[in-house]
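Each remark here refers to the structure printed beneath this line.
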Amino acid sequence: MDRVGVQQMAYQIGMVTVVAIAVGMAGSLAAIGFVEAVGYLNDRLLISPYARVQAGNQPGLVTAATLGVPAIGGLLVGLVVRFLIRERRGLAPPDAILAAQTPGPAPGLKSGLASTLAALISLSSGASVGQYGPLVYLGAMFGNLAGRVRLNLRHQRSIAIACGVAAAISTAFNAPIAGLVFAHEVILRHYSLRAFAPVTVAAATGYIIANVIFDRPALFLVDFTRVEHSYEFLLFAVEGVLCAGLAWLFVVLLKYSARAGRRCIPASWARPAVAGLVVGIVALWIPEILGIGQETLRFATIEGAFGIAELALVVAAKLALTALCIGFGFVGGVFSPALLIGILFGALYGMVLPYLIPVPYSGLVVYAICGMMAMASSVIGAPLTTILIVFELTRNYDLTIAAMVSVVFANVLSYRAIGRSVFDLELRARGFDLSLGRDKAILGARLIRDYLSTTYTAAHTSDTVEAVRQRLVHDQRSEAMIVDDGGKLRGIVRLQGILDSPGEIPIEQLAIRAYTVFDDSTSVWQSMELLRGFLGEAVPLVSEEGKLQGVVPEEAVIRAYLEIVHELREEENEAA
Amino acid sequence: MKRPEGVVVHLLLVAWLLAPAFAGSQPPEETPREVLTVATWGGAYEESQRRAYFEPFTKATGVVIETVHYDGGIKDLKNHLAGTEVQWDVIDMIQSDASVACDLGLLEPVDPGILVPAPDGTPAEEDFMEGAIQPCFITQIVFSTVIAYNDRAFPGEKPDSVEDFFDLETFPGKRALRRSPVGLFEWALLSLSVPREQLYDLLSTHRGLELASRRLDSIRDAILWWRSGEEPAALLASGQASMATGYNGRFFHARVMEGLPISVIWDGQLIGYNSWAIPRGTHQADQARAFIAFATRTERMADQANLISYGPTRKSAQRRIGLHTDTGVSMQPHMPTAPAHMDNAIFRDHRWYSKTLELREQWFQTWLKQ
């Protein structure tokens, strides 16, 4: 390798490492700040049980807070989303996925900050939404910022986004390997060493920061020795299948709730307030549904903390209210609620089993953890990540294997029933279908306008056939675009169609009226679809008003396709 | 310009006016004994304070220390302050009580500036453990409520965890517990593998208290209640109880000074703090501050720690803990703060304790009646 090449390589490696550490630190510190702020506000707003019990001598105040805080929080969220976020919805992992997958413009910093604020208010005021979605977006936002700095790195944006996300997950769960895998499994969706190396650095950075200054209790710490009986693995598999069903139900409820919200309350800013009020009313009866539910999560792994009926009630309530909160526009994630619903369902499964099949079991804990991970992995489409979270948090091999069995069976089914994840469903609703692979998504996002050619043969509507014939022969083309005085496209003619026609009649009379046309918003993917059965040389591209902008030769569409696919393959197979 | 005679006249006038005041404050015969009153806890603990703090203070300043008995809580302090004259100059309070008293305005402010740096020059703010220096109290010792057992009750396998305290099958015998809603529910949940960081979050829920109640139900018939600090060691020594909760200093005293076969289980030790404070309205607030500055010096704190196994809150004093002054027993392994004892120590949440007084009492009474 020559000297310039070595210098270039050293620059690339050094700079990528700097970006990874910087984004990792930013993502990690932001995650810590966010989680701490939610905890602090939960205490101040009397949402956390810890604060509620200390205000126990003022029961009126606690009731007022239960009813008022989620409703007022909802109103604030509605207003923030309506007036401060350009996209008019909370930004979430799907936006991070899209920004990493496609080259289109990503949401701006202002929208990102406003969305984080909305998520902070949602979580602080006790809405039944999750914190990891906003954390992932926060990490992606820093990645996106770093992606914009002119460093001349290849695939800078997608790698920087993956770094931010990995750091956020690594910090939040105190699980660096899970953070690393999540960024690949959910955000990047491929494994190349070029991305793998910096994302690992970012995940490790997040872990180090989390361990130095973030001394929060682990998500779950359980006491479990080993799976006692081999037949239990069959039960874990069955549990996985049931959890896939539960995940499907969750997704259906989410969809239904969003639709009901739009239908019943036309003013989008008012919807979260209504959901908040419902949360408050239900919380007077079932306080477990308020907020993230750390305490409930812990109780689910303790034998005897819940009765069977109680568990069933809390599972149903949490399911319904999470769907309500998210569908009605509270800003927050689906992962934490899915974890909670899953662990409660798992505990329920573990408690009901002895009545159905009277054989010895290894206790409640393993079923609770299996349920949690099977449900959560189906919802976010990240089986490897969830298995690793169990492993990193418990460092218990038996528990991890058990969770793995449940997770895999759940995912095999949920993939068919739901699709890869709720993120992909949301992206599909926005017109980005990632289920057919990244190729299609990028082809769908890149515009064919970028391949426009302005060298074509034009004819005016009043030109004679003979004049056009001569011009085509001169230009050595077989097609001409016919435009009027305003520059609007009126039709096209092909040489073979006017060969024998009388020379003096106006060309407009012979123009073909039914032909393929592209416009400003036609994507490369759409252009390929439109070209099916196309026989001409080039396709005209017109503006919104119908003005001819230029043409896209058939060759340009093929070139666009090849370029994009080549770029992708290169990124996915690259080493450092 | 004023004439000098005028100035002299004014000075004489002032002197004449002030003369009686000076005369009154200076009795002709002898200086009276200056006395500082300290409210504290009696017993071996007060004895250690006398030797480490009170006597050296008198020697250094000539100020005599008198003590009054104080049993903790806010009520006694409130009652005292409501009286005609404030007699207490310094009070040795449990941290949660001190914090409530401070909020209620019952305490004088204590300027951290009075605290003396460590002998090596480390400023007091860095030398004291985190949170020890507060606007109206200075936390001085770490004590702990621990589970202990009679060695003779378990000749084979020894209990070594909070879980074992609840395991009547493997470790039979009566369990002595303080008849008070303190520590019981923490241990109940800890024995169910709840991590210590989440104890107070879970106990804040109805479900958490229910769970603790059910756990305590499982040993209800084996419980012996104690009220005063010396009872647990006595119950263990007499064989009435096989396991008991109690203050670590008392168990230390029983084993080391009295040679009783009592061993401490440090798993799940409940750590609390005592603090020096000054009741509001005392006429000797400055003298009281001087005493606190003196008693929180590194050498003084280390001296006390070599008399009783309560840990000083200054790092420089912790490093000076050595052998028991009288018996020569190494003190370090008996301290609640010894690194080997901290793995699963519960730090009592003093804020939670002070705010849940009624709830805990109500829960306890209901549980007792069930």
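The figures that follow rest on heavy atoms only: side chains count, while hydrogens, waters and symmetry mates do not. Throughout, protein chains are lettered first and strands after them, A, B, ... in sequence-line order, and every chain is numbered starting at 1.
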Answer yes or no: does atom [atom1] of [X] have more than 12 heavy-atom neighbours from other residues, nucleotides or ligands under 6.0 Å?
X         : atom1 : result
Arg220(B) : CZ    : yes
His229(A) : NE2   : yes
Lys78(B)  : NZ    : no
Gln58(A)  : CD    : yes

task: Look up atom CG in Asp201(B) and atom CD in Gln294(A), then write down how far apart they are to the nearest 0.5 Å.
output: 8.5 Å
- request: Quick one: pull up OH in Tyr50(A) and CD in Gln198(B) and give me the separation to the nearest 0.5 Å.
  value: 13.0 Å
field: Interface residues of residues 137-149 of chain B facing chain A - heavy atom cut-off under 4.5 Å
entry: none
So which heavy atom on [X] is nearest to which on [Y], and how close?
X         : Y         : answer
Pro49(A)  : Thr205(B) : CB-CG2, 3.6 Å
Thr356(B) : Gln54(A)  : CG2-CG, 4.5 Å
Leu211(B) : Glu303(A) : CD1-O, 4.4 Å

task: Go through Gly208(B), Ser204(B), Ser354(B) and name the one with the most non-hydrogen pairs under 4.5 angstrom from chain A.
output: Ser204(B)
Contacting region of Arg351(B) [heavy-atom separation from chain A under 4.5 Å]: both
task: Could you tell me which portion of Leu359(B) (side chain, backbone, both or neither) has an atom closer than 4.5 angstrom to a non-hydrogen atom of chain A?
output: side chain
query: When you check the gap from the basic side-chain N to the acidic O, do Glu288(A) and Arg207(B) get nearer than 4.0 Å?
result: yes
- request: For the residue pair Val53(A) and Tyr200(B), establish whether any side-chain heavy-atom pair is separated by less than 4.5 Å.
  value: no
